[in-house]
Amino acid sequence: MKADPTGVLTGAHYLDGDYACGEGAMAAGCRFVAGYPITPSTEVVERIARRFPTIGGTFIQMEDELASMAAVVGASWTGTKSMTVTSGPGFSLMMENIGLAAMMETPCVVVDVQRGGPSTGLPTMVGQSDVMQARWGSHGDYEVIVLCPQSPQEAFDLTIEAFNLSEIYRVPVLLLLDECVGHMTEKVVIPEAQEISVEPRRLTSKPPEEFEPYRLNGKPVPEFARAGDGYRFHTTGLTHDERGYPVMSVECQETCVRRLVDKIRDNADEIVRFEEHDTEDAEVVVVAFGITARVARLAVETARQRGIRVGFLRLIALWPFPEKRIHELAGSVGSFLVVEINYGQMVLEVERCAAGRARVSGLFHGGGGVHDPEAIVEAIVEAAS
Amino acid sequence: MSEEMNPELVREPPMEHPMAPYLRMERIPHVWCPGCGIGTVVQCYATALEKAGCDLDKVSVVSGIGCSGRAAGYMKLDGFHATHGRAIPFATGLKLGRPELLVTVISGDGDLVGIGGNHFIHAARRNIDLMVILINNFIYGMTGGQNAPTTPLTAKTSTMPFGNFEPPFNLPHLAASSGASYVARWTALHIRRLTWAIEEAIDRKGFRLIEVIAPCPTLYSRLNKLGTGLSGMRFYHDNAEIRHGADTREVDIDFQSSIVCGKFVDDEKPTFNELMDKHYGTILGDRYKPMPPEGGMIHAG
Ligand SMILES: Cc1ncc(C[n+]2csc(CCOP(=O)(O)OP(=O)(O)O)c2C)c(N)n1
Ligand code: SF4
Ligand SMILES: [Mg+2]
């Protein structure tokens, strides 16, 4: 389906990543946003607060992030595409209701513009240390999708992608910007509405008497009924059967939770997103994401010029992780070098997938700034030796 | 001839339970203990919906977690069983996402004003168009009788085994001073009056609180040796003092003393949506495009 032109600000703009993300949401058809101010993410909702009244959307500044996330889940059950935006401390507060969204299979988007942590950390400075929290932050077993742009243009594009994936799989999709991407201003081209593909809310065609909210109909994800259309359905965060009724049993837990996990794991090949350069002859492959990918890319080019056979893999989706590709590459390369602004998070995933077939090392930075490209070049030289 | 054989005495059973259109009969028996006040509140809510002639397709009910939080699960409506404390913000999302819905929150005292207290005061302040039925049993029932922010002074709970020394909330006053447009209190034993209050509140708009004082025979009454069975329950009815329009500053509840009931606030004031529409309409004129009553779903397939 093509985007509704109302929210699409077609043209070439100079925008920072936060504004571009807000524009992406409006282009994707988002019409409800609830949020609580926090640096460096607030510009996203400020942009939306200014534009929503003229495009039929409602923004509300809630009393905290617990409320923001709960409101987003509620609003999504009206069929309205919904989003919230935050940074580290607020992201922590959202975790319980992100789990609720996963359990109720509620499409929604959560944007986390990462800053240095833990705790209040570095409110105005960059970090990339929420990547494991994004995957595992809420209790229990569930799967989410996490996308990670490296530029304002990509913040726009991936926000639309995040909404689309959330509609297809009925999961919360988390978009992890970082302070640098959020605050850097670059050219952002917003296409015509008819060039933007959007996923609609996939409403059931069944009549209410035949409808059960969690009964599958040949697809990995159940059909949706929205509040107020006469379906009079029930949904809960408790383990539930196809009718959405709580059932406290081992069997029901197995069917209910297994499906939440499998709908993403079984479709991981469709969801995984990464880009690769110069890996064919590589002895070393550098793995990076977000702002760090741009710094690392420069270092990789420099090292190539110095004669090192180094390749590059940029994670665009952090989760699901490209485990097959990393495993494959591990068979042909000598080592991986993971560069990230934290003390070693995604490197664990690379180690797991390399499974001992290639060496894995990391170059870490605690946050507050990006890596020195020369330090990455040195680490590449070391990894190649 | 035994009684059940006497054709004179055998009546045709009704084809359907009178509340069947409102309740998920397939989920009965429910989880509540005998003598618990929660079921009565659900019954009163269903009756009020019927009397008010609501279009049930447009009614959503949201609960948090707790014994009271199970209420949404038994209503044959669009029903949402959210997380502990977050029924009000969840309901806020529903209401703002599809403004034509009649959204009710039914949940417990611990849920709505313990863990969820911040949402309660802010929703009242904004006058969000929600009807909140708060079932106050003076205790955390579901988790086994711990102290609640509503437990009267000196009452025993499992976490205040020597009696509660923390002053409780006066909920009508909290709601009224935060900005609620309608505030009433009844007990679960005032079936007719409670039903009528809910019916009246359905007809009002903005943040409406109906506090229902409900017996919890299994925990509160047992821990405080108040007697189970009918006598324990009667207390709530017999000690009610009906004072419509009472100053909400004077409706605190002390341990085993009188419970002031009635309608305390009934003010017509603009809701969040009305304020928003008026404000943006003034500032933006024709450029203001409010979310349509049927909601913000612009891409459906
Ligand atoms: C975040 C969180 N903390 C704690 C709990 C455990 N819990 C479940 S119900 C409840 C108290 C419910 O009390 P109330 O709202 O008064 O309901 P009642 O059972 O008395 O009707 C608690 C603390 C939970 N489910 N979630
Ligand atoms: S524990 Fe108390 S509140 Fe819970 S169902 Fe039993 S009587 Fe009701
Ligand atoms: Mg209680």
Side-chain angles (χ1 to χ4, degrees), chain A residues 1 3-4 6-7 28-32 34 52-58 60 62-64 66-82 96-97 99-100 104 167 198-203 208 225-238 243-246, chain B residues 24 26-27 56-60 62-63 65 70 72-73 75-101 103 116 118-119 121-123 125-126 272-273 276 280 283-284 287-292 294-301:
Chain A
M1 175 176 278
D4 180 299
T6 322
C30 174
R31 292 295 180 271
F32 179 79
F52 256 10
T54 59
I55 68 165
T58 297
I60 181 169
M62 297 298 283
E63 50 277 13
D64 58 31
L66 300 151
S68 302
M69 189 62 216
V72 160
V73 183
S76 182
W77 279 97
T78 69
T80 307
K81 290 185 186 176
S82 304
E96 189 191 10
N97 289 293
L100 178 71
M104 287 182 164
E167 295 296 334
V198 298
E199 286 295 329
R201 185 60 52 94
R202 299 180 171 184
L203 297 180
R226 62 177 188 150
D229 278 355
Y231 284 86
R232 295 169 68 183
F233 60 85
H234 183 251
T235 179
T236 173
L238 285 169
R243 297 169 300 174
Y245 292 173
Chain B
R24 297 187 186 278
E26 69 276 23
R27 293 205 60 209
L56 299 184
D57 289 352
K58 295 281 182 265
V59 182
S60 282
V62 185
S63 288
I65 304 296
R70 290 302 190 96
M75 300 300 308
K76 203 188 278 177
L77 301 167
D78 289 331
F80 301 89
H81 187 207
T83 40
H84 190 32
R86 317 303 160 203
I88 286 177
F90 191 106
T92 300
L94 277 170
K95 180 68 194 178
L96 299 188
R98 189 164 185 173
E100 67 183 353
L101 298 178
V103 185
N118 197 28
H119 314 310
I121 55 173
H122 284 280
R125 171 181 67 78
R126 299 185 179 108
F272 176 88
N273 281 74
M276 179 169 68
Y280 287 144
I283 308 267
L284 298 170
R287 287 174 54 223
Y288 178 44
K289 196 166 172 280
M291 184 179 288
E294 63 280 11
M297 184 175 67
I298 54 170
H299 300 124

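Throughout, protein chains are lettered first and strands after them, A, B, ... in sequence-line order, and every chain is numbered starting at 1. These numbers come from the heavy atoms of this one structure, side chains and all, not from hydrogens, waters or symmetry mates.
- Side-chain atoms of B:His299 and A:Glu199, non-hydrogen and from C-beta on, never get closer than 4.5 Å to each other.
- Under the 30°/60° scheme for interplanar angles, the aromatic rings of A:Phe233 and B:Phe80 are found to stand perpendicular.
- Comparing B:Val62, B:Leu56, B:Val59, B:Leu77 by how many heavy-atom pairs each has under 4.5 Å with chain A, the most go to B:Leu77.
- Taking the side chain as every heavy atom from C-beta outward, B:Arg86 and A:Val73 never approach each other to under 4.5 Å.
- Nearest heavy-atom pair across A:Phe32 and B:Leu96 is CE1-CB, 3.7 Å.
- For A:Met1, the part lying near chain B is the side chain, with the backbone staying farther off; criterion is any non-hydrogen pair under 4.5 Å.
- Scanning both residues, A:Pro53 and B:Tyr288, for their nearest heavy atoms gives O-CD1, 3.1 Å.
- Listed for the A:Thr80 side chain is no donor-acceptor partner under 3.5 Å among the backbone atoms of B:Gly295.
- For chain B, the nearby part of A:Ala28 is the backbone; its heavy atoms alone come within less than 4.5 Å.
- B:Glu294 and A:Arg226 are not joined by a salt bridge, as no carboxylate oxygen comes within less than 4.0 angstrom of a charged side-chain nitrogen.
- The minimum heavy-atom distance between A:Gly228 and B:Leu101, with the atom names listed, is CA-CD2, 3.6 Å.
- Contact of B:Ser60 with chain A is made through the side chain alone, with heavy-atom distances under 4.5 Å.
- Note that CG of B:Asn273 is 7.0 Å distant from OG1 of A:Thr58, once rounded to the nearest 0.5 Å.
- Contacts with chain B were tallied for A:Ile55, A:Thr236, A:Leu238; A:Thr236 has the most, counting heavy-atom pairs under 4.5 Å.
- B:Pro89 approaches A:Met62 most closely through the heavy-atom pair CB-CE, 3.9 Å.
- Using a 4.5 Å cut-off between heavy atoms, B:Arg27 touches chain A through its side chain atoms alone.
- Neither the backbone nor the side chain of A:Ser76 has a heavy atom closer than 4.5 Å to any heavy atom of chain B.
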**OP:** Would you sort out whether A:Ile60 and B:Arg126 count as a side chain to side chain contact (heavy atoms under 4.5 Å, CB included), showing the intermediate values?
**Re:** CA-CA 11 Å; A:Ile60 181 169; B:Arg126 299 185 179 108; 4.0 Å; yes
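- Heavy atoms closer than 4.5 Å to chain A are found in the side chain of B:Arg24, but not in its backbone.
- Both the backbone and the side chain of A:Ala67 have a heavy atom closer than 4.5 Å to some heavy atom of chain B.
- Counting heavy-atom pairs closer than 4.5 Å to chain B, the top residue among A:Ala3, A:Pro200, A:Pro246, A:Pro208 is A:Pro200.
- Heavy atoms closer than 4.5 Å to chain B are found nowhere in A:Met69, neither backbone nor side chain.
- Looking at B:Met75, there are no atoms closer than 4.5 Å to chain A (heavy atoms on both sides), in backbone or side chain.
- Under the 3.5 Å distance criterion, with hydrogens and angles disregarded, a donor-acceptor pair is assigned to the side chains of A:Glu63 and B:His119.
- Counting heavy atoms from C-beta outward, B:Asp57 and A:Arg232 have side chains that approach closer than 4.5 Å.
- Once rounded to the nearest 0.5 Å, the distance linking OG1 of A:Thr6 with CD1 of B:Ile298 reads 6.0 Å.
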**OP:** Report the C-alpha distance between B:Arg98 and A:Asp229 in whole Å, list the side-chain angles of each, state the deciding distance to 0.1 Å, and finish with yes or no for side chain to side chain contact (heavy atoms under 4.5 Å, CB included).
**Re:** CA-CA 11 Å; B:Arg98 189 164 185 173; A:Asp229 278 355; 2.8 Å; yes
